[in-house]
Structure formats: structure tokens, C-alpha cells
Protein chains: 2
Amino acid sequence: MGPAGSEVWHSMLDGTETVLREEGYGALTSRRVAEVIGVKQRLIYYYFENMEDLIVATFRRSAARDIERLQESLSRDLPLDEIWERCVDNADARMTAEFVALANRIDKLRTEVIAYTERTRQMLADAIDRNVVSSDRANGLPPVAAAFFATSAAIALHREAALGIGMGHAEVLACIRVFFSHGKPAQ
Amino acid sequence: MGPAGSEVWHSMLDGTETVLREEGYGALTSRRVAEVIGVKQRLIYYYFENMEDLIVATFRRSAARDIERLQESLSRDLPLDEIWERCVDNADARMTAEFVALANRIDKLRTEVIAYTERTRQMLADAIDRNVVSSDRANGLPPVAAAFFATSAAIALHREAALGIGMGHAEVLACIRVFFSHGKPAQ
DNA sequence: GTCTATACACCGATAGAC
DNA sequence: GTCTATCGGTGTATAGAC
């Protein structure tokens, strides 16, 4: 077994991300990852016991980075609209969708995806709760629902944009910006 | 080539839907579809030139049914909340997500998915426009954005439920019900 | 119309040289 | 650590009997 955390190890995770993002999980094979990063297929199995382990490791690294970045945004008490910008501009939305699809048949990955989803939803809901003025809450939109709508919209926006659909996107972005700009300015 | 519209032809589309819904597009193979409907794999290629044709035919039939059902709901001037119930209770939401994933790599399918998405969004937006009272529109939620939020939320609800995530779902459903129950009663 | 049988490509994973 | 070579399985798609 090759060393986890080494340069080659990281490049294998990079290759996995690239294939997932650009070609989807149907193209995610050990041969394809090896080709993308310029090594021989056999080497994948020196660093990982099997493909599932490689996939789980890739998601773990990606999720850890995401949560770290989100925490950093929140700790600096950024205005909500900036947090939203970081969510929707996240180029990994397509990749995340592929991970979710894979989670339906890889048990170890499902556990990770569930934990990541619930963790980030709670973080986003807490941030909304701390920052959104009460008039918005009077509209009957609890923070956790706002977090859900925002992330599900972000995912759908990316998915449709990838297909070439733009209908209603401008209106949706405008609505979310208005909602998130109702946050109190950083104390 | 076997006759399109025959009993066997329809059962092949049924099998494709079943596999997509229950196992995802990673499991969608000619062998699997044949097994599910109880015929030999060779027969698939008597009725369809290749797998892509089978997939496109399946989506076409499913989309046509969806639009017909939506039209029927709208023509009877059902209250909005009933239309929403039909959307979110639609057992095909999982299947639709798999079609979208497939559309990223099957050109003929992408065209169909785009047309279907834009058509149903317009229909839903029009229905909202006709039925939602003006106080809701004053909140800054254009009909097309409401249609987008509702469908993206419905998709995310199904996707997360399939993984075993339920966080915030009750709040989201309550919000949508409240919004849609603001519709005027059928004239 | 439906079948058996099969060609060929590519998959995950492993043996073993260097 | 990285390689060549290969096994068994499974995918799409086709040949040809009945």
C-alpha cells in the first residue's frame, strides 16, 4: 500500500475529481484516472485496495475542504450574500451530484455524504438564523428551510446550466440575493 | 427492427424505467433490462438499434405522459396545492434525475430533456401566475422563480430521502404548502 | 419474433519482474 | 514504487438457427 497523503496519492484524488466533474461517474474507472494523471493503471491498486476506497477518499478530502472553507467564511462573520456567492460559485456542484449518485450504491460513501449534507445544512441554517432580520422569518421561512432551498437551487442551477438551460435562472439568483442581502451587516 | 408501440416494445421501456428508478443509470444495461422483463438480451437489439435509442424512447414516452398529466391538472383548474402534490408525490422524480445525468453524455437525450424542462417550467409558472394572490408576488417571487424553487426542491427532497436524509424536509414541505395554498380557489 | 452463441472492448483486480 | 502482462467478468452489439 502506497502512502496516504503523498504527492502521487493526492494526484490520484485530483484525477478522480477531474473525471467525475468532466465525464461523470460512468467514466470513472481506474484506467481513466490513471490516464488522466499520467501513470499506469496498476499503480492505482498500489495506493488503494479498490476503486471504492479511492472514491471515498476523494469525497472525504473534498468534503473536508468544503467544510473548512465554509467555517472560515462564517468565522469571519461575512455578510450572508458573500456566503451565498461562495456556495453558488462552487465549481464542484457537478462533482457533488456525481458523488450523490455513487452514494446510492457505495455504503461507505453514503455515510460520508449524509454526514456532510447534514453538517453543512446546519452550518448554513445557523448562519442564516444569526443574520437574517426577523421580517424574513415572519414570512414563514425557517432557517433550515432557507438553507435547503438555497442549496437545492444552487445544485439545480449548475445542473441546468451544464445542459444549456437558463430559463428562470436570473430571477432565482435575484430572489436569493435579495433574501440574503437582508442580513444584518457584520457586527 | 421490431414494431414501435407493440406490447414487447412497451415492456422494454417499462424495464428501462424500473432499472433507472431502482438501481440508477450505472446499472442500466441491455442485459439488466432484458432480465427485468424476462426476455433474452438479444431481443433488445431487435427492437432498438442501440441502447441510446432505447433510453431516448423511454424518456420521450415518460415526458409525454408527464406533460399530459400536468396539462390535465391545469385544464381542470385544480388548486395549486394539488398540483404541487402531484409534482412532489411523483414517483418518477428519481428516474428523471437519472435521465438528466444521462443527458450529459447522450446528445439526442439532451435535446429532449431541455425541451421537457422548459415546457413544464413554463406550464407551472403560468399556473402560479394565474393563481397566486398578488401579496405573494409583492414578496419578490416571480412565478418562474417559484416554479424553479418548487421543482428543484422536489428533486432534492427525493434525492435526499433516497439516501436517508430528512433534515429540514418537514419545514420545506410546510413552506411550499403555505405558498401554494395562497392560490385563489378555483373560479 | 425469439432464441443460442459469440466477437470484441473494457472493466476491476492480481502475479510477478525490475 | 512503478512497471508489463494477464485473468475472469461483463458490457455492447452481431451472426445465424429455428
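Letters A, B, ... are given to chains in the order of the sequence lines, protein chains preceding strands, and every chain is numbered from 1.
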Please state how far atom [atom1] in [X] lies from atom [atom2] in [N], giving the value in whole angstrom units.
X: B:Glu35; N: C:dC3; atom1: CD; atom2: P; result: 14 Å
X: A:Arg105; N: C:dG12; atom1: CZ; atom2: C1'; result: 12 Å
X: B:Ile44; N: C:dG1; atom1: CD1; atom2: P; result: 16 Å
X: A:Lys40; N: D:dT6; atom1: NZ; atom2: P; result: 15 Å
X: B:His10; N: C:dG1; atom1: NE2; atom2: C1'; result: 17 Å
X: A:Leu43; N: D:dA5; atom1: CG; atom2: C1'; result: 16 Å
X: B:Met12; N: C:dG1; atom1: CE; atom2: C1'; result: 10 Å

Taking all atoms of both residues into account, what is the closest heavy-atom pair of [X] and [Y], and its distance?
X: B:Leu163; Y: A:Arg110; result: O-CD, 3.5 Å
X: A:Ala127; Y: A:Asn131; result: O-ND2, 2.7 Å
X: B:Ala146; Y: B:Ile128; result: CB-CD1, 3.9 Å
X: B:Asn50; Y: B:Tyr45; result: CA-CE2, 3.9 Å

message = So A:Phe149 and B:Cys175, do their side chains get closer than 4.5 Å, heavy atoms only?
response =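 Touching, per the 4.5 Å side-chain cut-off.
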ask   = Closer than 4.0 Å, any side-chain N/O of B:Tyr45 to the OP1 or OP2 of D:dT14?
value =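 No, no such contact exists.
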message = Looking at A:Tyr46, I'd like to know whether one of its side-chain N or O atoms comes within less than 4.0 Å of OP1 or OP2 on D:dT2.
response =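 A:Tyr46 to D:dT2 OP1/OP2: no side-chain N or O under 4.0 Å.
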Atom pairs under 3.5 Å, N or O on each side, protein against nucleotides 8-10 of chain D: can you list them with distances?
none

message = Checking side-chain hydrogen bond (donor to acceptor under 3.5 Å, both in side chains) between A:Tyr116 and each of A:Asp66, A:Thr96, A:Thr111, which is the one that passes?
response =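 Single pass found, and it is A:Asp66.
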request  = Under the side chain to side chain contact (heavy atoms under 4.5 Å, CB included) rule, what do B:Val19 and B:Thr29 come out as? Steps first, then yes or no, please.
outcome  = CA-CA 9 Å; B:Val19 172; B:Thr29 68; over 6 Å; no
Would you list the protein and nucleotides 15-18 of chain C atom pairs, both N or O, that sit under 3.5 Å from each other?
| unit_1 | atom_1 | unit_2 | atom_2 | d |
| --- | --- | --- | --- | --- |
| C:dA15 | N6 | A:Arg42 | NE | 2.9 |

request  = Would you indicate what A:Tyr47 reaches in the nucleic acid, counting non-hydrogen atoms under 4.0 angstrom: base, sugar-phosphate, or nothing?
outcome  =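 Contact class for A:Tyr47: sugar-phosphate only.
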Closest listed nucleotide, where the reference is the side chain of B:Gln41 and the choices are C:dG12, C:dT2, C:dA5 =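 The answer is C:dA5, which lies nearest to the side chain.
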key: Closest nucleotide among C:dA13, D:dT2, D:dT12 to the B:Met51 side chain   =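 Shortest atom-to-atom distance from the side chain points to D:dT12.
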task = Not counting sequence neighbours, which residues clear side-chain contact (heavy atoms from CB on, under 4.5 Å) with A:Ser73? List them please.
result =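 Expected list: A:Leu78, A:Ile83, A:Arg86.
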ask   = Should the ring pair B:Tyr25 and A:Tyr25 be called parallel, tilted or perpendicular, given that the plane angle runs from 0 to 90° and is split at 30 and 60?
value =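 Taking A:Tyr25 first and then B:Tyr25, their aromatic rings sit tilted (interplane angle of 30° to 60°).
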